[in-house]
Amino acid sequence: MYNILLVDDHEIIIDGIKALLAKEKNISIVGEALNGNEAILRTRELKPDVILMDISMPELNGIDATRKIKIEFPDTKILMLTHYESKEYVLQALKVGADGYLLKNSKREELIRGIEAVCAGKRYLGDRISTMMLDSMFGAAVEKEEKLDPDVILTKREIEIIKLLANDNSNQEVSDKLNISLRTVETHRRNIMQKLNLKSAVALVRFAVKHNYIEL
């Protein structure tokens, strides 16, 4: 049986969560709180297994309440339940010890899955949050990959080859158009990729577009 404390400053949200979980035999709603300070007091009193914690609340917000509760009750699982779909809020919540992060418009099945996951000692991010965080990580990696080091200097020949390759010319086609050997093209290509710290042909095209070597 999972004993749950609901923390939200809107009673209609608390009532909605109660209704969602009412038929779950393994879940018991043992209490509720309308702000972070109440959440701390109720945690001391009820010692719940899991706290479903809102973020934006009066007196003490959910991030600060989570930090304080985790210091005093490190084994209590805290699953943030909020409408904030923001990487910054997710990172803040995880940094202070939250065990998971869900959006309030999540389906009942996902909420139950989150409760079960954190009780099993796992971190849990809702489907939309997981997608957002992965997209953010991928975007940061691409931006880092494509950022041109100011100390990198491209030769005229390298720029010519970048333009041709980015316009979907094969190594052989570049060789024919520039009247140089295929081996020379391959050497230039390898050096360009290393010099710009690029890992793929797609990254080379992005680089060429970003630095106005080609237009799409």
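Position 1 is the first residue of the sequence; numbering continues from there. What you are looking at is a predicted structure, and each value in this text was computed from that prediction instead of being measured.
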Provide the closest heavy-atom pair for [X] versus [Y] in the form atom of the first, atom of the second, distance.
X      : Y      : result
Glu158 : Ile192 : O-CD1, 3.6 Å
Leu198 : Phe207 : CD1-CB, 4.1 Å
Tyr84  : Tyr101 : O-OH, 2.7 Å
Leu60  : Asp64  : CD1-CB, 3.6 Å
Arg42  : Gly31  : NH2-CA, 3.9 Å
Ile4   : Leu6   : CG2-CD2, 3.8 Å

Rounded to the nearest 0.5 Å, what separation is found between the [atom1] atom of [X] and the [atom2] atom of [Y]?
X      : Y      : atom1 : atom2 : value
Lys104 : Ile17  : NZ    : CD1   : 7.0 Å
Asn179 : Lys177 : CG    : NZ    : 13.5 Å
Glu32  : Ile14  : CD    : CD1   : 4.5 Å
Asp49  : Ser28  : CG    : OG    : 9.5 Å
Glu24  : Leu111 : CD    : CG    : 9.0 Å
Ile115 : Ile51  : CD1   : CD1   : 12.5 Å

Inspect the contact between [Y] and [X] and indicate whether a charged nitrogen and a carboxylate oxygen are less than 4.0 angstrom apart.
X      : Y      : value
Glu160 : Arg157 : yes
Asp75  : Lys47  : no
Lys107 : Asp127 : no

Ignoring hydrogens and geometry, is there a side-chain-to-backbone donor-acceptor pair from [X] to [Y] under 3.5 Å?
X      : Y      : result
Ser86  : Glu88  : yes
Thr187 : Arg183 : yes
Asn171 : Glu186 : no
Lys70  : Thr76  : yes
Arg108 : Leu20  : yes
Asp99  : Leu79  : no
Ser130 : Leu125 : yes
Thr82  : Leu103 : no

Are [X] and [Y] joined in one hydrophobic group, where the rule is that I, L, V, M, F, W and Y side chains link up if heavy atoms are under 4.5 Å apart?
X      : Y      : answer
Leu52  : Ile55  : no
Ile78  : Leu81  : no
Leu94  : Tyr124 : no
Val118 : Val30  : no

Should we count CD of Glu11 as having more than 12 external heavy atoms under 6.0 Å?
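Open: at most 12 neighbouring heavy atoms sit under 6.0 Å from CD of Glu11.
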
Please say whether more than 12 non-hydrogen atoms of neighbouring residues, nucleotides or ligands are located less than 6.0 Å from CG in Asn105.
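Yes, the 6.0 Å shell around CG holds more than 12 heavy atoms from other groups.
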
Heavy-atom side-chain contact between [X] and [Y] under 4.5 Å:
X      : Y      : result
Arg206 : Val202 : yes
Val50  : Ile27  : no
Ile162 : Leu196 : yes
Val174 : Arg189 : no
Leu164 : Leu178 : yes
Glu110 : Leu102 : yes
Ile13  : Asp54  : no
Phe73  : Arg44  : yes

Can you list the residues that meet the salt bridge (charged side-chain N to carboxylate O under 4.0 Å, His left out) rule with Glu85, with sequence neighbours excluded?
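With sequence neighbours excluded, Glu85 shows a salt bridge (charged side-chain N to carboxylate O under 4.0 Å, His left out) to Arg128, given in chain and number order.
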
Run the side-chain contact (heavy atoms from CB on, under 4.5 Å) test on Glu38 and Glu59 for me, step by step, so that the C-alpha distance in whole Å, both residues' side-chain angles and the decisive distance to 0.1 Å come before the verdict.
CA-CA 9 Å; Glu38 283 188 17; Glu59 295 188 31; 5.9 Å; no

Can you find a side-chain donor-acceptor pair between Asn197 and Lys199 that sits under 3.5 Å?
yes

Looking at Ile63, Asp9, Leu34, which hits side chain to side chain contact (heavy atoms under 4.5 Å, CB included) with Met57?
Asp9

What verdict does the side-chain contact (heavy atoms from CB on, under 4.5 Å) test give for Glu116 and Tyr2, after you've listed the backbone C-alpha separation in whole Å, the side-chain angles of each residue and the deciding distance to 0.1 Å?
CA-CA 8 Å; Glu116 291 175 342; Tyr2 305 131; 3.9 Å; yes

Test log, rule side-chain contact (heavy atoms from CB on, under 4.5 Å), inputs Ile159 and Lys163:
CA-CA 6 Å; Ile159 292 173; Lys163 289 179 179 179; 3.7 Å; yes

